[in-house]
Structure formats: C-alpha cells, structure tokens
**Student:** 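Starting off with a structure, shown below.
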Amino acid sequence: MEYNHIEIEKKWQKYWAENHTYAASNDSSLPKYYVLDMFPYPSGAGLHVGHPLGYIASDIYARYRRHTGYNVLHPMGYDAFGLPAEQYAIQTGQHPAITTEENIARYRSQLDKIGLSFDWDREVRTCMPDYYHWTQWIFIQLYNSYYDCDENRAMKIEHLVAKLEKGGSDAAHAACDDDTPYFTAEDWASYDDKKRNEILAKYRLTYLSETEVNWCPGLGTVLANDEVKDGLSERGGFPVVRKKMLQWSMRITAYAQRLLDGLDMIDWSDSIKESQRYWIGRSQGASVWFDVDGTDKKFEIFTTRPDTIFGVTFMTLAPEHPLVREITTPAQKEEVEAYITATSMRSERERMADVTRISGAFTGAYAIHPFTGERIPIYIGDYVLAGYGTGAVMAVPSGDTRDYAFARHFGIDIKPILKDKDISSEAYTAKDGTYIHDFIAGDDYTTATAKVIEKLEGMHRGRGKIQYRLRDAVFSRQRYWGEPFPVYYKDGVPYMLGEDKLPVLLPEVDKYLPTESGEPPLGHAKDWQTEEGYPMELNTMPGWAGSSWYFLRYMDPHNDKEFASSEALNYWQDVDLYIGGSEHATGHLLYARFWHKFLHDMGYVPTEEPFKKLINQGMILGTSAFVYRINGTNTFVSEGKKDAYQTTALHVDVSLVQNHSLDMEGFKAWRPEYATAEFITEDDGRYICGEEVEKMSKSKYNVVNPDYIVENYGADTLRLYEMFLGPLELSKPWKTEGINGVSGFLKKMWKLYFDRDGLCVTDEVPTRDELKSLHRLIKKVREDIESFSYNTSVSAFMIAVNDLKGCHKRAILEPLAVLISPFAPHIAEELWEAMGHEGSITRVEYPTHDEKYLVETSFEYPVMVRGKLRFKAEYDLSMSIEEVEKAIRADERIEKATQGAEIKRVVVVHGKIINLVI
RNA sequence: GCGGGCGUGGUGAAAUUGGUAGACACGCUAGACUUAGGAUCUAGUGCCUUGCGGUGUGAAGGUUCGAGUCCUUUCGCCCGCACCA
C-alpha cells in the first residue's frame with residue numbers, strides 16, 4: 001500500500017474541521033497553555049513558503065502541549081484593516097471589505113492545507129464591528145484615564161479632577177504635556193467646561209493635540225515613527241515630511257519606565273529587548289535653565305552630563321526652536337533665516353544620510369552661564385533635533401564629539417574641564433578624571449554630577465531629570481479602511497460617545513480619496529454625525545489599534561457584553577508562547593504591552609505583561625535567478641560568459657530554472673517581449689543563470705508557493721522540511737531540492753506500518769535494541785520540542801526510522817506515531833486509525849522515555865591521552881571506576897599510547913570517555 | 001558609530017554546553033536492480049597522502065590533561081538603530 005498524501009491529508013483535515021478537534025474550552029480542570037502566532041494581514045498575494053514557518057513551529061508546540069496534558073488555546077485571526085485594500089479600492093472602486101474578504105478566504109484555504117491545529121471557532125478579524133466595538137471601547141477608557149505618578153498607574157480621570165479641585169495643578173502629580181499650565185484650586189473652580197476640558201486633555205492617556213507628524217503625501221496620511229524607514233514610508237516607499245496637524249495621540253510616554261522595567265520579567269530575545277530599550281531611550285541627567293543676555297527670555301536644555309557645565313562655550317538650538325526668531329539680532333537675521341529655510345528644505349532623508357556635515361548659524365544672542373555669569377554665544381544647528389529633549393543643548397566641545405566638531409568648524413573656544421586630559425585633537429568623552437573648576441575642583445564624575453545638580457536646584461536654575469526618547473504615539477490616520485473613532489465635536493471640542501452607542505460603524509463612502517478640501521475620506525460619508533447633528537471625527541485609527549489587544553479577544557471572542565469576560569481572562573491569563581517576526585520589535589510589541597498595562601491598571605486584565613515568551617522566527621528567503629541581457633539587444637548571455645559584454649541582470653521566474661540552467665523555450669514563452677530572445681550559451685549548450693538570495697517577492701519572481709509543495713509532496717513533508725531547514729530563529733534561503741530527504745523519510749516510515757498488502761503491524765515483543773532506539777527518540781524529541789530545536793528532532797526521526805527498518809512491532813510503532821504527530825499530523829492520524837484506534841491522535845498521551853532502556857551494559861570507551869584518541873577498549877558497565885582504571889593499566893596497548901610515561905590520573909568523563917593524564 | 005547575532009565540508013547544518021568534530025539531509029562518485037524513472041537499494045564522500053599517518057571549526061595568542069565551545073586581540077559577514085545632547 002502506497003503512501004498517498006493527497007487522500008490522507010484531505011481526509012483528516014475534513015475530520016478535524018467536522019469534529020472541532022482543536023476547539024479549546026474556557027472551562028477545564030487542565031492547566032492552560034496559550035500558543036499564539038502573530039496574526040497576518042491578508043494581502044492579495046497569498047502565502048508563500050516563508051509565511052507558514054512560524055505557524056508550523058507554534059503548531060508543533062501546541063500539539064505537543066495537548067499531548068502532555070494541557071488545555072491549549074491556539075487561535076488564528078486576521079489583522080484586516082490596512083492600506084493595501086484601501087489602495088486597491090482607490091484604484092478600482094471595489095470596497096475594501098470585499099477585497100479583504102476575498103484575501104481572507106484565500107489565506108484560510110492555504111492555511112487549512114497545511115494542517116494547522118487552530119481553533120477556528122475563535123477567529124477574530126479586526127475589521128468586524130463586533131471586534132472593533134471593543135477597540136473603540138478601549139479608546140474611550142484611555143480617554144477617560146490619566147497616569148498618576150504617585151500611584152504609578154493609570155486611574156480614572158475623576159480622581160484627577162478631584163485633586164485639581166482641591167489643590168490645583170500642583171496637586172496632580174500626573175503624566176502630562178510639557179506645556180500644562182500652572183493653576184490653583186480657585187482658578188480651576190472659576191474655569192468653564194471648555195477650559196477644564198482643554199486642561200484635562202493635557203493629562204488624558206489619549207488626547208487631541210497639534211503635533212508635528214510624519215506626513216506622507218504619497219499615501220495621504222500620517223505615519224508613526226516606526227512606520228517610517230530612512231525618511232520613506234515603510235509601505236510604498238513614499239517620501240515623508242514633517243507637518244503640524246491636529247491629531248489624536250496616545251500618552252505611551254507615561255508608561256516609559258514600566259515598559260522598560262517589564263522587559264526584565266519576560267523571556268524574549270536580547271535583540272528585541274535591546275531594541276525596545278533603545279526605542280524607549282531612558283537617559284538620566286539634568287535640565288538647566290539659561291537666561292538670554294539683555295532680555296527677560298530664558299530657555300531650558302537637557303544634558304546627561306551636568307558635570308561638564310564648566311566646559312560650556314556655546315549653546316545650540318534646533319533651527320525649529322521657537323526662541324530662535326525672538327532672540328536673533330538684526331545683524332544675524334539674514335544668515336539665520338537662510339539657514340532655517342535651508343534646513344526645512346532638506347528632507348528628513350537627506351538630513352539623516354548626511355550626518356557628518358557640520359552646519360549652523362550664529363544668532364548674535366548670548367546666554368548667561370548660571371555659575372560663572374559668562375556670556376555664551378547661542379548658535380542654531382541641525383545636529384540638534386527639535387523633537388528630542390527641549391530642542392536645545394549646552395555645548396561642551398571638550399566632552400562631546402559633535403560639539404567638538406561644531407566648535408572647530410566655527411572657531412569657538414574649547415575649554416578643558418578635566419585635569420591632564422588631551423583634547424587637542426578630539427573630545428574626551430569618558431567619565432574618568434578629576435575636574436578642575438570652581439566648587440567641583442578635585443571631584444570625580446559621580447560627586448561632581450551630584451554637586452552640580454544640587455547647586456542648580458538650590459538656585460532654581462535646574463533639576464535632575466530623566467529624559468526618554470520615546471514619543472507619544474500619533475493615533476490618527478487620514479484613511480478610510482480603519483476603525484472610526486467614537487468621537488464627535490461640539491464647538492470644536494471633542495467628546496466621547498456613550499458606550500451604549502458602540503460600535504460606531506464605518507460609514508459607506510463613494511470615494512476613498514481625501515475630499516477636495518483635504519479632509520480624510522470619511523469627509524465623503526453622508527450623515528456622518530450624531531443624532532443631535534454634531535459632526536463625527538473624520539480620521540480613523542491606525543493599524544496597530546486592532547492588533548494591540550487581539551490576543552485578549554481570542555479568550556472570549558463572541559462576548560457582546562465585554563471585550564472578554566473576567567472568567568476567561570482569569571483562566572487564560574496571558575500568552576505563554578508568542579511566535580512571530582522581529583520586524584514588530586518597536587511597533588506592535590511595544591503598543592500591545594502599553595495597552596495591556598493600561599488594561600491591567602484599570603483592573604480588566606490580571607497580568608502585567610501580555611507575552612511571557614517570545615520567539616522570533618527567521619525569514620525564509622527566496623533564491624532569485626538572473627539572466628543577463630546584452631544592453632540594447634534581445635540577446636541573453638550565460639553566466640560564465642557575461643563578463644565579455646555590457647549586460648543588465650534581469651530577474652527570471654525561478655520555476656523556469658533547474659540546477660542553475662534555464663529552460664530557454666519556457667523563457668521565450670514566459671513573456672511576449674522575450675519571444676524573440678536569443679541566447680549565448682555555455683559551451684555545453686546550457687544557459688546558466690545567476691543566483692542571489694533575496695526576500696521572497698512577486699516582483700523578483702522567486703516566490704515558492706506552499707500549495708505547489710503540498711500538492712506534490714504533501715503538507716506533512718512541507719511541515720517537516722520547513723523545520724528541517726535550519727534553526728527556527730535563523731533566516732535561510734528556500735531550496736526545494738532538499739525536500740526529497742524528508743519526503744523519503746515519510747515513505748520509509750509508512751513502510752514500517754504497511755507492506756504491499758496493507759497493514760503489517762504485529763504484536764511481537766520488541767528487542768532491546770528496538771526499545772533503545774525508541775526511547776532515545778522519545779527523550780531527544782521531547783527535549784528538542786521544549787527548546788524549539790525542531791531541525792535536530794527531524795534528524796532524530798530519520799535516524800530512528802533507519803534503525804527500525806524492518807520492525808513492524810506494535811509496541812514500537814504506536815508510540816512512534818504519537819511522537820511524529822506534532823510534526824506530521826496527517827500521516828500520524830492515518831497510522832493511528834489503521835492500527836485500530838478510534839478518534840484523533842490529538843487526545844493520546846505523549847510517550848515518556850524510560851532510562852532503563854538507554855543504559856548501556858557494556859561500552860566501548862575511547863581512551864584519550866593529551867586530548868587525542870589512542871585506542872578503544874570495551875569494559876563492563878558494572879565495573880567501578882577503580883576497576884576500570886585497573887583494567888586500563890593492565891591493557892597491553894597502554895604502553896604505546898603513553899609511550900612509557902607515568903599515568904598520574906585516570907579521568908572518566910560523563911561515564912563515556914577515559915582520559916589518561918600523564 | 002551604537003546595539004544584537006554569526007563565522008564548522010561543495011550546500012543546509014549537528015556536536016550531550018569544556019570531552020571521539022562534521023550526526024542527519026542535500027549534492028556528488030561508484031555499483032545493483034529495472035517494464036528507462038526526477039524510482040528504489042548498497043557503498044563511499046572534510047582536506048593532504050598509494051599507505052602508515054598527518055591535518056582540520058575565519059586568523060593569532062592564552063587558560064586546560066583536553067577548546068568549535070571559555071578568555072584576549074584581530075579580520076570578515078548578516079540584522080536592527082542611527083546627530084537622542
């Protein structure tokens with residue numbers, strides 16, 4: 001009986017679907033285990049072989065946990081709001097919901113073919129009203145909350161109001177905007193609602209504000225910092241410029257410290273943790289106020305090195321700093337204006353690409369040194385960023401490389417601060433050394449820093465401060481295909497709709513482009529207003545809104561009273577294992593932690609962190625093939641001869657290439673412009689293609705579709721092969737050639753159970769060697785699964801099946817079927833059923849290994865001298881180490897091995913190797 | 001520049017965490033069988049050498065009875081971030 005993967009896989013996929021085999025219960029006495037994949041955006045291109053890598057890995061783990069006695073939650077859904085569907089809608093007029101629906105159907109059918117054990121009863125889609133109902137609800141909770149620094153958690157805004165009523169702004173101790181005004185309790189009492197609302201907006205965890213944002217004209221929307229790469233939009237690659245707009249923001253900065261601290265509690269890779277730490281960017285230092293000479297103006301700077309304050313020889317403001325125009329002297333006005341204009345013309349991209357060029361301008365104004373009273377020239381320079389700190393720095397050329405370069409360029413003094421440190425050619429940035437000025441003379445770094453801060457505080461000129469790089473996250477998008485805000489406006493002031501009015505449904509529009517007046521697409525919607533006629537918010541939420549809490553919805557996906565019941569949340573707690581790509585390091589993975597902490601503060605979720613363990617699977621890359629066209633002709637020259645010509649390398653579809661050699665007829669038929677192609681081949685008549693490993697993408701014609709693999713080799717082969725390819729976390733190129741190895745393995749395994757006539761499993765008693773093979777496999781595979789070393793597990797299966805060739809014994813083959821089932825579930829079910837069992841193998845207990853089968857009776861010890869193998873000797877394992885030693889000394893080969901040297905010590909390593917120390 | 005990671009055959013990779021380097025698989029070579037197939041099976045395959053043997057984990061040192069693994073220096077590659085004061 002042949003192994004027929006097509007029938008077997010179809011049969012069991014149907015069985016699993018009909019029996020809801022993988023449905024998880026919210027009410028179980030078993031311990032819970034939550035295995036989550038990062039849900040995909042269903043793009044039009046469908047899946048390629050790289051996508052399922054993480055899904056297969058998590059599926060193996062989920063299946064293993066079911067076997068070992070856990071109630072496993074393993075759900076899947078779709079991050080369904082997003083730009084491509086909207087772009088498609090703009091071009092074709094087809095509603096994004098239809099595009100999305102089609103893409104989801106395609107994804108689902110592809111996923112089903114791989115045999116993944118998802119609980120599809122719990123599927124979520126972020127674009128469905130019953131889901132975004134709760135995204136809107138969370139938004140309202142954030143709006144009605146503030147971050148209390150005394151309690152160190154988010155609280156209801158009413159608490160803040162009570163405090164403000166009692167003690168004015170000084171009583172607040174809350175995370176707030178920098179420009180939050182000072183006011184007394186009496187002031188507060190005298191304010192009207194509008195004024196109070198304006199003030200509360202400065203405390204709320206989501207708030208409307210005029211912010212400088214990353215505006216992408218090509219996409220017609222704003223982007224978050226993590227959606228901008230090198231000054232271009234991540235999606236589409238359009239230029240991005242800075243622009244001021246009225247936007248909703250999320251006060252994620254309030255959680256900066258807790259987001260940092262939480263990293264120590266979770267099992268994530270160092271690289272992701274470091275990325276998040278860097279993104280949050282905590283730096284400890286001081287803020288100092290400097291007066292502008294001859295005026296009543298002053299400005300604040302932030303420095304991490306208050307100890308260097310005696311080395312300040314100039315100040316630098318960002319060109320965009322509001323004070324620049326006020327303090328510039330008439331004589332310098334022209335130069336400064338020219339510089340500001342030049343800077344604003346340079347795109348973000350240019351500015352970043354060109355970090356070594358020093359530029360700036362003198363404002364003509366001077367600041368006063370708080371300790372010495374010296375006049376310090378104030379410059380502007382684009383190396384100071386408006387968006388970080390206060391957009392102003394005190395420049396200490398002797399202690400900072402950038403200040404040093406700037407000082408050199410403009411001929412400014414470089415004043416030493418440390419004793420005997422050479423600053424003649426570069427800044428001395430290390431923190432060792434002894435200070436030479438004033439009240440810190442003779443002090444070291446720590447003392448000097450403390451003294452300077454203390455003195456500044458005493459003078460009310462500054463204070464110790466912790467600065468974060470993290471910015472509040474912009475939450476408005478000028479798009480159609482996203483969650484509408486539950487917000488309306490009255491006299492220009494935003495108000496939340498009542499929770500009973502949720503969900504606010506996304507209205508129909510006749511055009512998906514911005515309106516003529518530049519309003520977002522929702523400006524086209526008819527009657528987009530409340531019952532009372534107040535206008536609704538026209539922006540929609542960004543992509544990360546829906547993905548910041550979807551893992552909670554899976555716990556209780558059909559609840560229409562709450563986002564999830566507290567019973568469900570308390571049972572499932574958090575995600576035990578999260579598998580996904582590392583590209584979300586500073587986006588999704590940070591936002592989700594932020595929302596989760598907020599929901600925790602408000603008492604809705606029991607855990608502080610959402611994802612206990614995170615594994616980042618590597619990317620599967622494509623191997624692109626190239627042909628070389630001689631410029632200006634339709635003649636293609638083979639790899640080996642291309643250097644003799646001026647050629648252009650062109651991608652060619654990998655399916656036309658086999659073993660580097662091009663199917664020339666197929667190539668001519670591939671695209672009309674190549675129909676008349678001519679070839680200069682190698683001497684053997686073959687056309688050899690160039691090769692390069694790149695990301696899989698349609699435009700590079702290097703995509704391998706999993707459907708093709710599933711049809712030709714089977715889902716079980718695909719699963720095994722993807723795991724066999726290499727360590728899960730590494731990126732690696734896809735090579736279809738190697739797949740015969742695992743495919744052959746499955747056929748061999750099949751033959752253990754079936755011969756030509758059918759099932760051939762017997763009830764014979766297994767031999768000791770057979771049991772040893774089996775138990776070694778059980779041990780190895782269990783250890784591998786728990787450490788996600790799936791590639792070596794697959795090898796272990798191959799070895800075992802080779803060892804067990806010709807063994808048709810039930811006592812061996814039954815546990816073997818269970819062992820393979822997480823990896824190759826279809827064939828495992830088939831074997832299990834053939835052996836006369838009812839029901840799915842999923843419910844079968846995972847075998848445990850018995851050490852007694854692994855213990856050797858005798859062992860061939862390698863005998864080593866000076867780390868080199870000298871001879872092998874067989875000894876009985878019942879011998880004690882002393883007896884072994886005696887036997888070795890008596891061995892006749894010892895003479896040659898030690899060349900007569902005295903044996904000082906006999907070391908037995910791991911009971912396996914004998915090392916003679918001479 | 002900073003952060004994370006990596007460097008082992010022709011290729012993807014293993015190595016019990018300091019203990020016989022190259023498991024397993026691809027590829028390649030030879031052979032068997034054959035109703036000629038991109039099937040199956042057998043043997044071989046790090047490098048040098050006819051052989052004995054020698055040598056070998058990017059390079060150079062060090063610690064150790066023993067180093068792919070630990071330490072120092074150095075070279076190279078990949079990923080992420082990038083004027084953050």
Side-chain angles (χ1 to χ4, degrees), chain A residues 226 229-230 269-275 277-279 281-283 285 301-305 308 315-316 318 351-358 381-385 387-396 399-403 405-406 467-471 582-583 585-586 616 618-619 658-659 693 720-721 724-727 729-745 747-748 751 779-780 783 789 791-800 802 860-870 872 903-918:
Chain A
D226 62 281
K229 299 271 184 262
D230 298 330
S269 74
D270 287 341
S271 93
I272 297 273
K273 284 190 186 181
E274 273 311 308
S275 295
R277 286 197 187 102
Y278 180 78
W279 194 259
R282 181 187 202 268
S283 46
I301 61 98
F302 174 75
T303 177
T304 52
R305 296 291 303 274
T308 65
M315 312 293 298
T316 314
R351 217 167 133 168
M352 272 193 281
D354 190 23
V355 295
T356 47
R357 203 173 79 189
I358 298 154
D382 68 1
Y383 80 96
V384 176
L385 305 175
Y388 182 74
T390 58
V393 301
M394 65 175 209
V396 183
D400 182 281
T401 22
R402 292 154 306 177
D403 296 344
F406 195 91
Q467 179 75 43
Y468 295 94
R469 199 185 89 106
L470 187 69
R471 309 280 80 204
S582 55
E583 66 272 20
T586 51
N616 301 115
M619 223 186 314
Q658 221 159 65
N659 257 334
V693 172
L720 280 165
Y721 187 54
F724 182 69
L725 227 42
E729 282 156 286
L730 244 61
S731 289
K732 54 239 157 187
W734 176 268
K735 298 240 195 251
T736 304
E737 297 93 74
I739 205 163
N740 288 321
V742 286
S743 166
F745 154 72
K747 287 180 194 161
K748 278 185 212 166
K751 281 185 192 164
K779 187 179 182 197
K780 171 76 177 150
E783 283 168 1
S789 311
N791 52 330
T792 52
S793 278
V794 179
S795 295
F797 278 115
M798 291 182 183
I799 295 168
N802 269 331
E860 202 178 52
Y861 286 95
V863 178
M864 320 271 292
V865 179
R866 292 199 173 279
K868 292 277 174 220
L869 174 69
R870 298 298 158 170
K872 288 186 179 177
I903 299 168
K904 289 187 186 138
R905 202 149 47 97
V906 175
V907 187
V908 179
V909 185
H910 291 290
K912 277 179 120 180
I913 290 169
I914 292 168
N915 190 28
L916 307 179
V917 182
I918 58 171

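The model shown is predicted, which means the values in this text are computed figures rather than measured ones. Labels below follow one simple rule: chain letters A, B, ... track the order of the sequence lines, proteins then strands, and each chain is numbered from 1.
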**Student:** Between B:rC26, B:rA82, B:rG4, which one does the side chain of A:E274 approach most closely?
**Tutor:** B:rG4
**Student:** Once you apply the 3.5 Å cut-off to both distances, tell me the Watson-Crick or G-U wobble partner of B:rU40, or none.
**Tutor:** B:rA32
**Student:** Considering every strand and a 4.0 Å limit on heavy-atom distances, what is the contact class for A:N791: base, sugar-phosphate, or nothing?
**Tutor:** sugar-phosphate
**Student:** Rounding to a whole Å, what distance do you find between A:L720:CG and B:rC26:P?
**Tutor:** 14 Å
**Student:** Which one, B:rG4, B:rA85, B:rA25, comes nearest to the side chain of A:Y388?
**Tutor:** B:rA85
**Student:** Looking only at the side chain of A:L385 (C-beta and beyond, no hydrogens), which of the listed nucleotides B:rA13, B:rC84, B:rA25 gets closest?
**Tutor:** B:rC84
**Student:** Starting at CD1 of A:I914 and ending at C1' of B:rG19, how long is that distance when rounded to a whole Å?
**Tutor:** 12 Å
**Student:** Given B:rC83, B:rA82, B:rU20, identify the nucleotide with an atom nearest to the side chain of A:R469.
**Tutor:** B:rA82
**Student:** Counting heavy atoms from C-beta on, name the nucleotide in B:rG12, B:rC83, B:rA14 closest to the side chain of A:T792.
**Tutor:** B:rA14
**Student:** Using a cut-off of 4.0 Å on non-hydrogen atoms, how would the nucleic acid contact of A:D270 be classed: base, sugar-phosphate, or nothing?
**Tutor:** sugar-phosphate
**Student:** Identify whether any heavy atom of A:K780 sits under 4.0 Å from a base atom; if not, whether one sits that close to sugar-phosphate; answer base, sugar-phosphate or nothing.
**Tutor:** nothing
**Student:** Counting side-chain heavy atoms from CB outward, which of B:rG80, B:rG27, B:rA13 is closest to A:S275?
**Tutor:** B:rG80
**Student:** What integer distance in Å separates A:K735:NZ from B:rG10:P?
**Tutor:** 16 Å
**Student:** Would you indicate what A:F724 reaches in the nucleic acid, counting non-hydrogen atoms under 4.0 angstrom: base, sugar-phosphate, or nothing?
**Tutor:** base
**Student:** Could you give me the CA-CA distance, side-chain angles and deciding distance for A:Y721 and A:W734, then say whether ring pair (Phe, Tyr, Trp, His ring centres under 6.0 Å) is met?
**Tutor:** CA-CA 10 Å; A:Y721 187 54; A:W734 176 268; 5.3 Å; yes
**Student:** Of the options B:rA25, B:rA85, B:rA13, whose atoms approach the side-chain atoms of A:N802 most closely?
**Tutor:** B:rA25
**Student:** Would you say the side chain of A:M394 lies within less than 4.5 Å of the side chain of A:T316, judging by non-hydrogen atoms?
**Tutor:** no
